[in-house]
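First up is the structure itself, then whatever we jot down about it.
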Amino acid sequence: QDDTPRVLSIQSHVVHGYVGNKSAVFPLQVLGFEVDSINTVQFSTHTAYKHIKGYVLNNDQMKELVEGLVLNEVDYYTHFLTGYSRSPDSLREIAKIIKQLREKNPNLIYVCDPVMGDNGKMYVPEEILPVYRDVLVPLADILTPNQFEAELITGIPMKDLDGALRVIQRLHDMGVKTVVLSSTDLGDEENMIGLASTGGSCYKIPIPKVEATFTGTGDLFAALFLAWSHLTGNDVKLALEKTIATLQSIVVDTYQTARASHLTGKIPPRFTELRLVQNKTVIEDPKIKLKAVKI
Ligand code: ATP
Ligand code: PLP
Ligand code: MG
Ligand code: MG
């Protein structure tokens, strides 16, 4: 093997736009990663659009694709990334795949984005929660929940920074090496807060709010944090700063471009697709404007 990092990413695919693998693969490739992707669904667009058309990959099909990789001896990966999934069985299958990949590479890093909901609401079936909590979270090297997801997994409410630290500690106790809270409402009117912890040290970073709803940003966050953890030799502070700097640039650019054609009111989804291609140089070399501080 050469020293190119190799990721297996199991996420959704959309024909148009950027969520799941469509928002993870390009940034990872731009940052020098080989990426193999398995598409859990193939939809025309993401699910915030009016019409949803497409296909779901079933478990046997997912298993078969991995079997082909194993048989052809192309199943050596340095990183494994998973996101949005709607069935408990597919998560159990993913747990089996992790164990299989770790037989080939015991140092495999598993990055788990436990996508379940946001702002107090679950948008996947409730039966998913115990499978994340009991099966997948304990296998994760890096976990990237948002505030709500971290509260669901630990059963601990997060009303302030102390609460956040308790939640983070609990996740470490469950076996997670690096805990990253991609967004929390523990900031102020203008800022959300992101947090990253290795158990030894914990950092927080402000995330200036943009007045629009984006889709695919959570998936982009997990991919970027994976990439920057590797590229910085596991410097979580720097990885968090690079990740947030990239997201902030892309989100602001996407927003400004959308606002130019929609001067007021809510912007329809097709105008807020993330401008990834246009921000290729930002992805390659994000300029850090907001620093993370140790807490
Ligand atoms: P997941 O989808 O993984 O469960 P999440 O709910 O945190 O996590 P998002 O809400 O999409 O996912 O946020 C991920 C990142 O995207 C944030 O850390 C932030 O950098 C950026 N982001 C998303 N929406 C906004 C917004 N309205 N204003 C500013 N930044 C945003
Ligand atoms: N719609 C579909 C089909 C998805 O697969 C996803 C995430 O993978 C989303 C919407 C939401 O993406 P995010 O949580 O990154 O905003
Ligand atoms: Mg969110
Ligand atoms: Mg998400």
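Note that the coordinates shown come from a computational prediction; the quantities given were computed from them, not determined experimentally. Atoms within a ligand are numbered from 1 in the order they appear, just like the ligands themselves.
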Report task. Start with the C-alpha distance between E67 and K63, add both sets of side-chain angles, then the distance that settles salt bridge (charged side-chain N to carboxylate O under 4.0 Å, His left out), and finish with yes or no. Result -> CA-CA 6 Å; E67 195 178 294; K63 206 163 151 178; over 6 Å; no

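- Within the 4.0 Å heavy-atom cutoff, G216 counts among the residues contacting ligand 2.
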Requested in this report: Verify side chain to side chain contact (heavy atoms under 4.5 Å, CB included) between I295 and L161, making sure each step is shown before the conclusion.
Outcome: CA-CA 9 Å; I295 50 171; L161 215 50; 4.3 Å; yes

Report task. Give the intermediate values and the outcome of side chain to side chain contact (heavy atoms under 4.5 Å, CB included) for residues K177 and L143. Result -> CA-CA 8 Å; K177 295 192 190 72; L143 190 74; over 6 Å; no

Requested in this report: Could you give me the CA-CA distance, side-chain angles and deciding distance for F80 and I98, then say whether side chain to side chain contact (heavy atoms under 4.5 Å, CB included) is met?
Outcome: CA-CA 8 Å; F80 181 47; I98 298 167; 3.4 Å; yes

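- Of all the heavy atoms of T47, the ones lying under 4.0 Å from any atom of ligand 2 are found in both the backbone and the side chain.
- Taking a cutoff of 4.0 Å between a charged side-chain nitrogen and a carboxylate oxygen, D89 and R92 qualify as a salt bridge.
- The shortest N or O to N or O distance between H46 and ligand 2 is not under 3.5 Å.
- With atom 23 (C) of ligand 1 as the reference point, the heavy atom nearest to it among T215, T217, L240, L247 is part of T217.
- Residue contact check: T217 has heavy atoms under 4.0 Å from atoms 15 (O), 16 (O) of ligand 2.
- No side-chain N or O of Y84 forms a donor-acceptor pair with one of D219 less than 3.5 Å apart.
- Within the set M192, K209, Q147, the minimum heavy-atom distance to atom 30 (N) of ligand 1 is found for M192.
- Taking only nitrogen or oxygen atoms, main chain and side chain alike, G117 does not reach within less than 3.5 Å of ligand 1.
- Those atoms of ligand 2 with a heavy atom of T215 less than 4.0 angstrom away are 9 (C), 10 (C), 11 (C), 12 (O), 16 (O).
- Around the CD atom of E64, the shell of radius 6.0 Å holds no more than 12 heavy atoms that belong to other residues, nucleotides or ligands.
- Taking the six-membered ring where tryptophan is involved, the planes of H262 and F271 are tilted, since the angle between them lies from 30° to 60°.
- When ring centroids are compared, Y49 and H46 come within the 6.0 Å threshold.
- Side-chain contact of S90 with S85: a donor-acceptor pair under 3.5 Å is present, judged by distance alone.
- Using a 4.0 Å heavy-atom cutoff, A212 is listed among the residues neighbouring ligand 1.
- Listed by number with element, the atoms of ligand 1 under 4.0 angstrom from any heavy atom of F221 are 18 (O).
- Ligand-side atoms of ligand 1 in range of S183: 7 (O), range being under 4.0 angstrom from any heavy atom.
- Here the closest non-hydrogen pair linking I156 and V167 is O-CG2, 3.5 Å.
- Among I10, L8, L28, the single residue meeting the side chain to side chain contact (heavy atoms under 4.5 Å, CB included) criterion with L81 is L28.
- Contact between V41 and ligand 2 is absent, with no heavy atom of the residue lying under 4.0 Å from the ligand.
- At least one N or O atom of G218 sits closer than 3.5 Å to an N or O atom of ligand 2.
- Protein N/O/S atoms found under 2.8 Å from the Mg ion (ligand 3), listed by chain and residue number: D118 OD2.
- Counting only N and O atoms by type, the side chains of D185 and Q147 include a donor and acceptor under 3.5 Å apart.
- Across all non-hydrogen atoms, the minimal contact from T4 to E34 is CG2-CG, 3.7 Å.
- Under the 4.0 angstrom criterion for non-hydrogen atoms, G83 is not in contact with ligand 1.
- Ligand 1 places these atoms under 4.0 Å from at least one heavy atom of N146: 4 (O), 5 (P), 6 (O), 7 (O), 8 (O).
- Not a single heavy atom of V115 sits closer than 4.0 Å to an atom of ligand 2.
- An N or O contact shorter than 3.5 Å links E149 to ligand 1 by distance.
- At least one N or O atom of V210, backbone or side chain, sits closer than 3.5 Å to an N or O atom of ligand 1.
- Under a 3.5 Å cut-off, the side chain of D253 and the backbone N or O of S249 do not form any donor-acceptor pair.
- Sorted by first then second residue, the salt bridge (Lys or Arg N to Asp or Glu O under 4.0 Å) pairs that include residues 16-27, not counting sequence neighbours, number zero.
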Requested in this report: Take L195 and L240, measure what side chain to side chain contact (heavy atoms under 4.5 Å, CB included) needs, and give me the verdict at the end.
Outcome: CA-CA 8 Å; L195 293 151; L240 184 62; over 6 Å; no

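- Annotation for ligand 2: atoms under 4.0 Å from non-hydrogen atoms of G20 are 8 (O).
- When heavy-atom distances to ligand 1 are checked against a 4.0 Å cut-off, D118 comes that close only through its side chain, counted from C-beta outward.
- The closest approach between M116 and ligand 1 stays at or above 4.0 Å for every heavy atom of the residue.
- Only side-chain heavy atoms of D113 come within less than 4.0 Å of ligand 1; its backbone N, CA, C and O stay farther off.
- For ligand 2, the atoms closer than 4.0 angstrom to any heavy atom of S12 are 4 (C), 5 (O), 8 (O).
- Residue-to-ligand polar distances place S182 within reach of ligand 1: an N/O pair is separated by less than 3.5 Å.
- Neither the backbone nor the side chain of P114 comes within contact range of ligand 1; no heavy atom lies under 4.0 Å.
- Taking any N or O of Y84, backbone or side chain, none lies under 3.5 Å from an N or O belonging to ligand 2.
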Query raised in the report: How far apart are the C-alpha atoms of K280 and E284, what are their side-chain angles, what is the distance that settles it, and do they pass the salt bridge (charged side-chain N to carboxylate O under 4.0 Å, His left out) test?
Result: CA-CA 6 Å; K280 174 173 152 288; E284 284 172 310; 3.7 Å; yes

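- Remark: the backbone N or O of G187 is not paired with any side-chain donor or acceptor of N191 at under 3.5 angstrom.
- No part of E211 comes within 4.0 Å of ligand 1, judged by heavy-atom distances.
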